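Provided herewith is a single structure, encoded as structure tokens, for subsequent inquiry.
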Amino acid sequence: MTDVTTANGPTNAATAALRELLDLLAADASAGQLAQPAAQAGAAGADPHEQDVIAEATRTALTIHRTLAQRRRRETELAALFDTASDLAALRDLDSVLRAIVHRARTLLGTDVAYLTLNDPAAGDTFMRVTAGSVSATFQQLRLGMGEGLGGLVAQTARPYASPDYRTDRRFKHTGAIDEGVDEEGLRGILGVPLRVGRRVIGVLFAADRTPRDFTPEAIALLASLADHAAVAIDSARLLEETRSALVELNAANETARAHGDALRRAADAHDRLTDLVLRGGAVDEVAREIAALLDGGLAVHDADGTELARVRTGPVLLPEQGIDASRRGGRAVPVDGDWVCAVLAGPEVLGSLVLTGRAGLTDADRRLFERAGLVTALLLLLRRSVAEAEDRVRGELLDDLLTAQQPGDHRDTGSVTLRARRLDVNLARPHAVLVLTCDPALRSRLLPEAVRRARALGGLAGTRNGHTVLLAPTSRPGALAQELAHDLTRGLGTPVTIGAAGPATGPEHLPHTHDEARRCLRALEALGRTGDGAALADLGFLGVLLGDRTDLTGYVDRVLGPVLAYDSQRGTELVRTLTAYFDHGASLARAKDALHVHVNTVVQRLDRVAHLLGPDWNTPGNTLEIQVALRLHRLAQQGTPGHRPT
């Protein structure tokens, strides 16, 4: 302080003013009160030198006053920080910790709003976690991308930022969503500091006012100190929660492991029992009874085609195709309308299905047991298929021998072949047809199993020969059987299946020639563009007559003209003669009536009768060709008959 003495010592006015300043400092007076002694001395007429002395003393007193105020404020802030740290350390719930942090931040800085965001590493942004004093729903749901807005910049750089008025502050990257939330909340001055654990930023702590505000360095330091305590508390609470969750999960895992262990032992025992039953040669119905007993329900077993193989303790079951498909895709048993369905699989191939009834609420252990039953059933069906495939090979070899033509010097014993056939329940003494099948080459591998299945159902044989699938079946109507099978297989395989048939033939010695005729019929169908159709040579009209080994002219004429011939024979009419004249004269009614020496109306009436007998399409190009060939064959046959009359 400047010397306050004169040549004769301090003046009374200066001495009084200095004493009053000391008293005011001791009484913790305000800055305004500390300025009063100088004003009073000036008013009392103190000389300029005295006023300078008093002014200097006043400035010193104000400095001391500010220092004391700052220290008291710092003491208060430190006490609040210690209290906050103590409170946070006592909290164990993360939500409680977060709410306490923003409440203390709002209280310490005296702001309208305080809030906290946490970083989301997966999304690459920071999101609003908890607020205090906020009234805007939009603001409370904000997410800030790294580098966006004031908070995004704090989260990205790990440095505090303050804005006196965020609305007009262009130092930050404004976005529509952030500005909308800030405007709806009405915020102006905003301060944000990072929440750091070591070098890792886990979020941002904010304090904000709804009026512009310059945040002092002391305020920034205070919020940063609170953020440091808060980050440790948040990390501790999160670790505690994770530890608790891990303990709960560990206990649950132990219980689950024990339950799984019991279930696995039960499932293993059941698997051993079922497997032993299969390996001892148990049938499907025996395995089904064992499964139904283990699961205390009804059970239906079906093969891949939906044919029921066994049913225990339940009525007929409507096979749920969608459930089987869902089980196949997931490899698990699935619930369907109160029942459980398990696809029986061998790799990706569906061998069949199991349907468990009467057990709507299946436990996980029983579900796994049901799925194991599906595995054992797959083993059983594979064994059955292996046996069937071995039998199919034997049947295929027999078919190959039956269709191989006997060469000169070949003294094959037909009795031996017949005996082999009888052992396979094939009676060659009955009339049999030979059918040759073909389809898209890409699907021929699927055609053979279907043909084998049909052959079993018909009591015949199936195999491959010369690149085609061949089927031998007992029937006296080869054309009808070929047509029926072509329709069914085309629908089942989803691709046209063409079938040429021949027969019927009785006895093994006729089968090679019948096979050759069926092949010619197949080629004729393909040449005629009748892909996806089935027929015998007899069904192909005059083409069948041309291609057949045993030309049945009488049968052909009867098939084409039979109704007309019978009508003439029974009534003595001349329909055949009229047809001959009609076609011989270029289908001209006028020239036909002259050749017949009858009225044109008579020709018309006779042709109407023909239409009634042969069908309304008798005069189409294809049918007229057949009729004309039959008429010529009939005429040739009559010429060889004694006493015939030309028609």
Side-chain angles (χ1 to χ4, degrees), residues 389-410 412 414 417-418 420-421 424 426 428 431-456 458 460-475 478-479 481-486 488-490 492-493 495-540 543-544 546-550:
E389 287 175 349
E391 184 179 336
D392 288 340
R393 283 194 295 272
V394 173
R395 300 172 78 91
E397 291 169 0
L398 172 61
L399 178 64
D400 195 58
D401 289 343
L402 289 172
L403 300 183
T404 301
Q406 190 168 355
Q407 301 299 322
D410 184 1
R412 193 183 318 169
T414 57
V417 176
T418 302
R420 288 166 57 194
L424 297 174
V426 177
L428 296 178
H432 279 71
V434 177
L435 292 81
V436 180
L437 302 79
T438 190
C439 68
D440 185 338
L443 295 175
R444 285 178 183 169
S445 60
R446 291 176 54 197
L447 177 59
L448 178 59
E450 284 296 318
V452 169
R453 188 171 65 85
R454 295 305 180 100
R456 285 180 177 276
L458 294 169
L461 304 171
T464 57
R465 188 171 178 81
N466 299 324
H468 290 114
T469 299
V470 180
L471 191 150
L472 175 69
T475 181
L481 177 60
Q483 188 175 37
E484 178 186 349
L485 284 180
D488 291 346
L489 293 175
T490 295
L493 296 179
T495 188
V497 176
T498 310
I499 304 177
T506 304
E509 64 276 7
H510 300 299
L511 293 178
H513 300 293
T514 307
H515 172 239
D516 291 340
E517 188 173 311
R519 290 173 58 195
R520 287 196 297 274
C521 181
L522 176 63
R523 288 197 296 269
L525 287 172
E526 292 175 327
L528 292 171
R530 291 173 60 175
T531 303
D533 197 1
L537 283 178
D539 303 318
L540 300 182
L543 284 177
L546 295 176
L547 295 171
D549 278 343
R550 300 177 297 278

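Note that this is a predicted model, so its numbers are computed, not measured.
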Roughly how far apart are Thr438 OG1 and Leu443 CG, rounded to 0.5 Å?
11.0 Å
Residues at least two apart in sequence or cross-chain that pass salt bridge (charged side-chain N to carboxylate O under 4.0 Å, His left out) with Asp488, listed by chain then number, are Arg454, Arg491
Side-chain contact test, heavy atoms from C-beta onward, threshold under 4.5 Å: evaluate it for Arg519 versus His515 and give yes or no.
yes
Derivation of the side chain to side chain contact (heavy atoms under 4.5 Å, CB included) call for Leu437 and Leu485
CA-CA 10 Å; Leu437 302 79; Leu485 284 180; 5.5 Å; no
Minimal heavy-atom distance between Thr469 and Ala451, with the atoms involved, is CG2-CB, 3.5 Å
Testing Leu398, Leu403, Leu399 one by one against Leu472 for a side chain to side chain contact (heavy atoms under 4.5 Å, CB included), which residue passes?
Leu399
Taking it one step at a time, do Leu402 and Leu428 satisfy side chain to side chain contact (heavy atoms under 4.5 Å, CB included)?
CA-CA 10 Å; Leu402 289 172; Leu428 296 178; 3.8 Å; yes
Which atom pair, heavy atoms only, marks the closest approach of Gly503 to Thr514?
N-CG2, 3.7 Å
Roughly how far, to the nearest 0.5 Å, is CG of Leu489 from CD of Glu484?
10.0 Å
Only counting residues at least two apart or in another chain, list the ones meeting side-chain contact (heavy atoms from CB on, under 4.5 Å) with Thr531.
Pro496, Thr498
Can you list everything that forms a side-chain contact (heavy atoms from CB on, under 4.5 Å) with Ala501? Sequence neighbours excluded, please.
Leu435, Pro478, Ala482, Ala536
Taking the side chain as every heavy atom from C-beta outward, state whether Leu481 and Leu458 have any pair of such atoms under 4.5 Å apart.
yes
Calculate, to the nearest 0.5 Å, the distance between atoms CG and CZ belonging to Leu461 and Arg456 respectively.
10.0 Å
Contacts of type side-chain contact (heavy atoms from CB on, under 4.5 Å), residue Pro431, not counting sequence neighbours:
Pro504, Thr506
Any idea which heavy atoms bring Ala486 and Ile499 closest together, and the distance?
N-CD1, 3.4 Å
Residue list, side-chain contact (heavy atoms from CB on, under 4.5 Å) with Leu493, at least two apart or on another chain:
Arg446, Leu447, Glu450, Thr495, Val497
What closest approach, in Å, do Arg444 and Gly467 show between heavy atoms, and which atom pair accounts for it?
NH1-O, 4.0 Å
Not counting sequence neighbours, which residues clear side chain to side chain donor-acceptor pair (under 3.5 Å) with Thr475? List them please.
none
Minimum heavy-atom distance between Pro474 and His432, given as atom pair plus value
N-CD2, 3.5 Å
